[in-house]
Amino acid sequence: MVCRINCAVITGVEVLPVVVETDICNGLPSFDMVGLLSSDIKESRERVRTAIRNSGFVLPPKRITISFSPGNIRKTGTYFDLSIAVSILSSLEILQCETKDKMFIGELSLDGKVIPVNGVLPVALYAMEKGIKKCFVPKENSGECRCIEGLDVIAVENLNQLVMMLNSEQYYMEETKTEEPEETLYEREDFRYIKGQIQARKAAEVAAAGMHNLLLIGPPGTGKTVVAKAVPGILPDMTKDEIIEISKIQSIAGTLNGRMVKRRPFRNPHHTTTVTALTGGGSVPKPGELTLAHGGVLYMDEFPEFSRNVMEALRQPLEDRQVIVSRAGGSFCFPADFMLLAAMNPCRCGYYPDRNKCSCTEREVCKYLEKISGPILDRMDLCVYMNPVSYWELKEERQQESSEEIRKRVNIAAEIQRKRYKDENINYNSQLQGVLIEKYCKLQKGEEDILKEIYEKMDLSVRAHEKILKVARTIADLKEKEKISMDELAEAVSYKIIEKGGRI
């Protein structure tokens with residue numbers, strides 16, 4: 001008798017259907033598995049055989065053949081163990097239940113315990129989309145699937161428990177636990193503790209409201225890192241779709257910790273990061289830092305210290321908001337819609353143009369700044385030069401605005417954007433492109449004339465022109481204004497064209 005069990009495989013971040021078929025017949029005792037399998041699946045043969053025996057079931061000395069179809073898709077991962085065990089037990093008629101409306105996900109230990117695995121959430125979502133009614137998952141992974149409507153997610157602790165549930169058709173559904181109250185966001189990295197830097201604070205608010213890229217430039221000790229680490233505390237609240245999308249990526253990466261995400265990701269790779277670690281890939285393609293930052297922030301401190309290849313690898317993802325990795329086994333598309341937040345010094349010693357501290361020559365300064373190419377700078381929506389904080393600002397007793405107060409304005413602006421773009425398949429101003437910019441960032445005659453003059457005199461690129469319009473649209477949304485006025489346009493221009501002792 002041939003038994004078929006529904007399962008799925010994760011390729012990159014895409015979920016593809018897989019059917020586990022088992023046939024047990026007379027012949028020389030053997031245990032064969034076929035279907036373009038990776039080594040970790042081939043090793044599951046001994047895990048499953050031992051888990052079944054230690055759970056009290058007997059495998060007869062027969063010829064066991066297990067096929068993973070379709071045979072042209074590479075299968076990887078250890079979450080097939082439970083499907084293999086169920087298919088064998090069903091073929092032996094130890095399990096006597098219908099399995100076509102069920103899916104099984106999990107790794108087995110040698111004593112039959114079901115071990116948590118990565119990628120349960122996207123597979124469970126796929127099961128729901130395909131009309132599967134019940135999904136059996138490791139108990140530690142069940143929390144991340146509670147948000148799925150229309151699918152019964154059943155937590156399993158061991159193989160014996162699973163057999164008892166299937167044969168009795170009594171499924172013990174865990175009650176949905178009340179979500180723990182969200183912790184205070186980044187108490188130490190709060191904008192109320194940042195002294196001075198009014199322009200940087202405002203730029204961070206605009207960047208968070210529209211999910212724009214932000215570049216902070218200034219000498220050491222001016223607060224670039226402090227501002228950057230406070231940005232996650234003012235990012236807009238996530239929608240339900242964003243929570244699911246980000247949680248799927250975190251589940252595949254193994255960083256979900258058994259429950260849905262509560263905060264937007266904040267990734268801070270070291271400047272020695274490689275291109276592969278940033279973009280993703282490997283022999284079995286996995287998400288890189290760009291994809292792990294999807295929906296959140298990618299913070300690159302000491303920006304010029306990253307290798308040229310790493311910085312140039314940002315070009316295509318910043319435009320297309322996805323990473324396409326091509327390998328011999330095929331092409332893999334990883335989502336990469338993130339806010340790039342970068343910080344840098346104006347020169348190698350960090351103090352240019354203060355000649356009392358900086359001893360760099362003009363040539364050394366230019367050589368240092370040339371590490372960041374024009375196309376990368378052109379993709380930064382906002383650029384802010386941060387001057388040293390004066391002693392008067394440091395000792396000022398006036399209470400600064402807190403992250404929570406800023407976040408309220410950001411959420412209002414974000415909600416305005418979501419309502420405006422509800423039919424455009426985008427959420428934020430930074431995602432506007434082409435005709436959508438013309439449609440939603442219209443200027444009055446006076447503002448149009450001013451922008452035309454700036455465009456020609458400053459020799460701006462088309463991309464820089466579009467960035468200015470999108471930032472101006474966000475500033476207007478923060479003020480809850482329907483139209484972009486001269487004030488918003490002037491502020492947006494000031495963020496895009498910065499002048500300091502040296503020019504960038």
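Computed from a predicted structure; not experimentally measured.
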Open item on the list: I'd like to check the side chain to side chain contact (heavy atoms under 4.5 Å, CB included) partners of Asn118; sequence neighbours left out, ordered by chain and number.
Closed with: none
Task: Ser247-Gln250 side chain donor-acceptor pair, cut-off 3.5 Å - done: no
Open item on the list: For a 4.5 angstrom cut-off between non-hydrogen side-chain atoms, does Gln197 reach Thr222?
Closed with: yes
Open item on the list: Quick check: closest heavy atoms across Leu478 and Ala209, and the distance to 0.1 Å?
Closed with: CD2-CB, 3.8 Å
TODO: Check whether any side-chain heavy atom of Glu447 sits under 4.5 Å from a side-chain heavy atom of Ile484, and report yes or no.
DONE: no
Task: Under-4.0 Å salt bridge between Lys139 and Glu157 - done: yes
Open item on the list: If you define the side chain from C-beta out and look only at heavy atoms, does anything of Leu298 sit under 4.5 Å from Pro269?
Closed with: yes
Open item on the list: Going by side chain to side chain contact (heavy atoms under 4.5 Å, CB included), name the residues that satisfy it together with Glu14, two or more places apart in sequence or in a different chain.
Closed with: Leu16
Task: Qualifying ring pair (Phe, Tyr, Trp, His ring centres under 6.0 Å) pairs with a residue from residues 430-452, counting only residues at least two apart or across chains - done: Tyr421-Tyr440
- [ ] For Arg308, enumerate each residue passing the side chain to side chain contact (heavy atoms under 4.5 Å, CB included) test, keeping only those at least two apart in sequence or located in another chain.
- [x] Glu312, Ser373
Task: Atom CZ of Arg355 with >12 non-hydrogen neighbours under 6.0 angstrom - done: yes
Task: Side chain proximity check, Tyr495 to Gln199, heavy atoms < 4.5 angstrom - done: yes
TODO: With the side chain counted from C-beta on, respond yes when Ile437 and Arg473 share a heavy-atom pair under 4.5 Å apart, and no when they do not.
DONE: no
- [ ] Please identify each residue that fulfils side chain to side chain contact (heavy atoms under 4.5 Å, CB included) with Arg74, with sequence neighbours left out.
- [x] Leu36, Ser38, Thr76
Open item on the list: The test is salt bridge (charged side-chain N to carboxylate O under 4.0 Å, His left out); show your working for Lys367 and Glu370 and say whether it passes.
Closed with: CA-CA 5 Å; Lys367 186 177 180 180; Glu370 283 173 359; over 6 Å; no
Open item on the list: Using the ring pair (Phe, Tyr, Trp, His ring centres under 6.0 Å) criterion, which residues pair with Phe136? Sequence neighbours excluded.
Closed with: Phe104, Tyr171
- [ ] Could you tell me whether the side chain of Arg201 reaches within less than 4.5 Å of the side chain of Gln400, counting heavy atoms only?
- [x] yes
Open item on the list: Could you check whether any side-chain heavy atom of Phe306 comes within less than 4.5 Å of a side-chain heavy atom of Thr272, counting everything from C-beta outward?
Closed with: no
Task: Note, Asn345 side chain near Tyr368 side chain (heavy atom, < 4.5 Å) - done: yes
